[in-house]
Novice: 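Okay, handing you the structure first.
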Amino acid sequence: MKKQFIVSIMLLISTVSWTQEQVKDSILPVNLSEVILIGKPTQVHQKQAKPLASLDEYLQQSGRIDMIKRGGYAWEPMINNMATERTIVTIDGMRIFGACTDKMDPVTSYVEISNLSEATISSGQEGSCHGPTIGGSLDLKRLRSTYSELGLSGSLSSGFEFNNKQRIIGGMVHYKDSSFYADANVTYRKADNYKAGNSQEIKYSQFQKWNASVISGYQFQNKLIEGSVIFDEANDVGYPALPMDISLARALITSFKYEVAPKSGLLNHWENKLYYNTITHFMDDSKRPNVPIRMDMPGWSDTYGYYSKGKTKKDKHHLLFNVNGFYNRSIAEMTMYPSDPDENAMFMYTWPDVRTLYNGIYLEDEIEFSCHNSLKINGSFGFHQNKVANEFGLESLQIFYPEMADQQNRFLKSISLQYKHQVKDWFFSVCSGYGERAPSVTEGYAFYIFNSFDLFDYIGNPNLSNEKSVEGNFDIRYKTEKIKTGITFSAFYLPDYIIGIPDDNLIPMTIGASGVKIYEQLSFANLIHSSFQCDYRFNDYYSWNTKLQYSYGKDAEKRNLPFISPLQYQSQIQYKKNRFQTELNVIGNATQTNYSPFYGENRTPDYAILNLSVGYTFKWYSQKLLVNAGVENLFDTYYSTFTDWNNIPRMGRNIYINLNFSL
């Protein structure tokens, strides 16, 4: 009864609206397309109720993003209920590919919220600027001192969470003069096993990691050069929803950028970047008891990439181009150690050293008919090549595909049209598009990769054709001084939909597996994603916000697609006056009725949790101390969501305190 009462009251409330205007770069002003922003570019974490939350916790507050949770750390983002095969996640425009066959190292795990400037979320073909996509894109932009005042500044942060005894400590330093800027940021996190509702300990949910980020740039005349590096390392990371843990996850991400804002000529702005990143990932089960056969599963991913994008304006036309490409090497191994020491260990490649080359061009033209009407047209064309460089791995796949060549070439295309219209306080947008994507490394070249969600071994299919997408969406918004509300609706028709299908003729390799699935293509699948958001400001101190989200997905055989959102809601009421603020919010799901037993899902019941937070800022001259404390899952509810792998329960009652001291 208590839960139903909370839901009834808080459904009228909401979460914070994340859409706001772009803050311009003081060095090189750039007119960006409309994006969804999380927080303000200069201080994302300081504007939130829980400043030292993980990036995963922030992203799932967006109406477009859900997070697949396999443990207490490194959740996989889905855009429009589509996982990372069908979307693009970048850091400052850089393509990065994980080294884990079980997706335990998403790109989002390499950025800390304390050095995040903004998260740009684009839906469908609006996200094709950095490469082919079906569901959309997410670009994580890091904080730069180009937004700061001249001089030296910095901050120290510390936090503690009582549920899993998570300890957080970090610091950042910014420096800027008339031509030079530098930013350095370090964050360390260490957590024990967390407890679900009713104090049930979730074993193997511990983790520890540290992240360091450095960006430095120099401006001369109307030009800018910038170098950056991210180093992220996690150790002893448990994944309670999986049969294996991580002993090491390490990432090195580097880039060099050259920008120019010509004072005359064809281009208004031109940005060029070269980048390199390398990911190392070691899975093992050495800390798990009663393992039938112990195994190690290391993986490596190296990516070399570039992009060159420019903008110009001629009459009513706002033009943008992006020439981009990358070369990626992905390799993963599995070594199984039998319990009998006299037997030989078994070794195989689960990713057989796959080399991926992509080069493409993206073009965009936004035509302003008037200050109230515009039409945006964009399209891309790219060459995509996969090559299996390991002879042993190639021979293994040729067991299933005798005529398989070591190389596969593809051409990928996309096009999109968006019409925008504004009438007084109303804004309307209608968009349609077509796009293609190549199969992922796993879909094309996996060799007996075990999926603990549906208990099947998976084998790739190099003969898959491109997956396609035909999409349509509309956006309606209304905005005044007191109220801001909007509805978004997106529909995707996906011909040649790629998904694993059981093959009864094959025998699984993993002990306890239900069978073997080979990636095949269904004639089509349909997916719908919709959301409603409303923000209401009573006065200068009180605001009331609400968000609802619902999705629907079916394949060609009328089966439900996996990880499709039931009705979700977030609601929040906030009071803020001077240096004090407090928030009360509820988050919940309706019962997941459209689940997919064929793809390994079961029914997830409804839930609702209540969160409370308070914050106060103390000031001494130019220094300030921000103190935030709160309680998550106030009533210690035991629950799991539709995105929780194998129904792993989420955290129970959690009391936290975050401190941030700015110099």
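Worth knowing before you read on, the calculation uses all heavy atoms, side chains too, and leaves out hydrogens, waters and symmetry mates. Position 1 is the first residue of the sequence; numbering continues from there.
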Novice: Test R650 against D644 for salt bridge (charged side-chain N to carboxylate O under 4.0 Å, His left out), laying out the working first.
Specialist: CA-CA 8 Å; R650 297 222 170 185; D644 293 328; 2.8 Å; yes

Novice: Are D232 and N211 close enough that a side-chain donor and a side-chain acceptor fall under 3.5 Å?
Specialist: yes

Novice: Within this structure, what is the CG-CZ distance for the pair N80 and R64, rounded to the nearest 0.5 Å?
Specialist: 4.5 Å

Novice: Report yes or no: do Q408 and N386 form a side-chain donor-acceptor pair below 3.5 Å?
Specialist: no

Novice: So, S114 side chain and G170 main chain: donor-acceptor pair closer than 3.5 Å or not?
Specialist: no

Novice: Hey, is the main chain of S205 close enough, under 3.5 Å, to the side chain of N193 for a donor-acceptor pair?
Specialist: yes

Novice: Any chance you could lay out the side-chain contact (heavy atoms from CB on, under 4.5 Å) test for I88 and R95, step after step, and finish with the verdict?
Specialist: CA-CA 8 Å; I88 293 177; R95 298 295 301 271; 3.8 Å; yes

Novice: Could you walk me through whether E601 and R559 satisfy the salt bridge (charged side-chain N to carboxylate O under 4.0 Å, His left out) test, starting with their C-alpha distance in whole Å, then the side-chain angles of each, then the deciding distance to 0.1 Å, before giving a yes or no?
Specialist: CA-CA 12 Å; E601 280 190 318; R559 296 177 296 231; over 6 Å; no

Novice: Going by atom types alone, do N633 and N654 pair a side-chain donor with an acceptor below 3.5 Å?
Specialist: no

Novice: CD1/I293 to OG1/T510 distance, rounded to the nearest 0.5 angstrom?
Specialist: 9.5 Å

Novice: Provide the full list of salt bridge (Lys or Arg N to Asp or Glu O under 4.0 Å) pairs with a residue in residues 508-524, sequence neighbours left out, each pair given once.
Specialist: D454-K517

Novice: Start with the C-alpha distance between Y458 and Y519, add both sets of side-chain angles, then the distance that settles side-chain contact (heavy atoms from CB on, under 4.5 Å), and finish with yes or no.
Specialist: CA-CA 7 Å; Y458 277 70; Y519 283 101; 3.4 Å; yes

Novice: Taking ring-ring contact (aromatic ring centres under 6.0 Å, His included) as the test, write out the residues that go with Y188, two or more places apart.
Specialist: none

Novice: Please identify which of these residues, R288, K203, R70, meets the salt bridge (charged side-chain N to carboxylate O under 4.0 Å, His left out) condition with D245.
Specialist: R288

Novice: Can you list every pair that meets salt bridge (Lys or Arg N to Asp or Glu O under 4.0 Å) and has a residue in residues 99-112, with sequence neighbours left out?
Specialist: E76-K103, E85-K103, E112-R189, E112-K209

Novice: Starting at OG of S440, measure out to OH of Y445 and round the result to the nearest 0.5 Å.
Specialist: 10.5 Å

Novice: Between A99 and S301, which heavy-atom pair has the shortest distance, and what is it?
Specialist: CB-N, 3.7 Å

Novice: Pairing donors with acceptors under 3.5 angstrom, does anything connect the side chains of Y110 and N277?
Specialist: no

Novice: Determine, step by step, whether L522 and I499 satisfy the side-chain contact (heavy atoms from CB on, under 4.5 Å) criterion, reporting the C-alpha distance in whole Å, the side-chain angles of both residues, the deciding distance to 0.1 Å, and the verdict.
Specialist: CA-CA 8 Å; L522 305 180; I499 200 154; 4.1 Å; yes

Novice: Tell me, please, which residues at least two apart from F456 pass ring-ring contact (aromatic ring centres under 6.0 Å, His included).
Specialist: none

Novice: Say whether H529 and S551, considering side chains only, have a donor N or O and an acceptor N or O under 3.5 Å apart.
Specialist: yes

Novice: Verify side-chain contact (heavy atoms from CB on, under 4.5 Å) between Y550 and I528, making sure each step is shown before the conclusion.
Specialist: CA-CA 8 Å; Y550 179 76; I528 294 173; over 6 Å; no

Novice: Taking F392's backbone N and O only, do any of them form a donor-acceptor pair with S396's side chain (distance below 3.5 Å, no angle check)?
Specialist: yes

Novice: Is the distance between the ring centroids of F450 and Y448 under 6.0 Å?
Specialist: no

Novice: Report yes if some heavy atom in the side chain of I564 is under 4.5 Å from a heavy atom in the side chain of P562; otherwise report no.
Specialist: no

Novice: As an exercise, state the distance from CD1 of I65 to CG of N81, rounded to the nearest 0.5 Å.
Specialist: 11.5 Å

Novice: Residues two or more places apart in sequence or in another chain: which of them pass side chain to side chain contact (heavy atoms under 4.5 Å, CB included) with F524?
Specialist: Y493, N526, A556

Novice: Rounded to the nearest 0.5 Å, how far apart are CG of D192 and NZ of K165?
Specialist: 6.5 Å

Novice: What is the minimum heavy-atom distance between S62 and Q549, and which atoms define it?
Specialist: O-OE1, 4.1 Å

Novice: Parallel, tilted or perpendicular, judged at 30° and 60°: which one describes the rings of F453 and W645?
Specialist: tilted

Novice: Between the side chain of Y239 and the main-chain N/O of M104, is any donor-acceptor distance below 3.5 Å?
Specialist: yes

Novice: Under 3.5 Å, side chain of N163 to main-chain N/O of Y194, donor-acceptor pair present?
Specialist: no

Novice: Counting only N and O atoms by type, is there a donor-acceptor contact under 3.5 Å from the side chain of D296 to the main-chain atoms of F282?
Specialist: no

Novice: May I ask you to establish whether R603 and Y595 are in a cation-pi arrangement, using a distance under 6.0 Å from NZ or CZ to the six-membered ring centre and at most 45° from the ring axis?
Specialist: no

Novice: Any donor and acceptor pair, going by atom type alone, linking the side chain of D66 with main-chain N or O of T643 inside 3.5 Å?
Specialist: no

Novice: Minimum heavy-atom separation for Q398 to M404, with atom names?
Specialist: NE2-O, 3.1 Å

Novice: Determine whether I253 and M94 make a side-chain contact, defined as any pair of heavy atoms from C-beta on separated by less than 4.5 Å.
Specialist: yes

Novice: Do the side-chain N and O atoms of Q385 and N409 include a donor-acceptor pair separated by under 3.5 angstrom?
Specialist: yes

Novice: Testing the basics here: between I79 and G136, what is the closest heavy-atom pair and its distance to 0.1 Å?
Specialist: CD1-C, 4.0 Å

Novice: What's the spacing between I518 CD1 and D457 CG if we round to 0.5 Å?
Specialist: 11.5 Å

Novice: Taking atom types as modelled, find out whether T101 and W351 have a side-chain donor-acceptor pair closer than 3.5 angstrom.
Specialist: no

Novice: So, does T254 use its side chain to make a donor-acceptor pair with the main chain of Y276 at under 3.5 Å?
Specialist: yes

Novice: Can you confirm whether N235 sits close enough to L248 that some side-chain heavy atom of one is under 4.5 Å from a side-chain heavy atom of the other?
Specialist: yes

Novice: Just checking, any donor-acceptor pair under 3.5 angstrom between side chains of S213 and R142?
Specialist: yes

Novice: For the residue pair R250 and F231, establish whether any side-chain heavy-atom pair is separated by less than 4.5 Å.
Specialist: yes

Novice: Can you confirm whether L412 sits close enough to N466 that some side-chain heavy atom of one is under 4.5 Å from a side-chain heavy atom of the other?
Specialist: yes

Novice: Heavy atoms only: give me the nearest S137-G127 pair and the separation to one decimal.
Specialist: OG-CA, 3.2 Å

Novice: Taking the ring centre of each residue, are F563 and F642 less than 6.0 Å apart?
Specialist: no

Novice: With sequence neighbours left out, which residue pairs that include part of residues 325-345 fulfil the ring-ring contact (aromatic ring centres under 6.0 Å, His included) condition?
Specialist: F97-F326, F326-Y358

Novice: What's the verdict on salt bridge (charged side-chain N to carboxylate O under 4.0 Å, His left out) for R167 and E161, showing C-alpha distance, side-chain angles and the deciding distance?
Specialist: CA-CA 7 Å; R167 291 79 83 189; E161 301 190 20; over 6 Å; no

Novice: So if I apply the side-chain contact (heavy atoms from CB on, under 4.5 Å) rule between I91 and each of V111, T108, L138, L116, which one comes out positive?
Specialist: V111

Novice: Just by modelled atom types, is the N560 backbone N or O under 3.5 Å from a matching donor or acceptor in the S596 side chain?
Specialist: yes

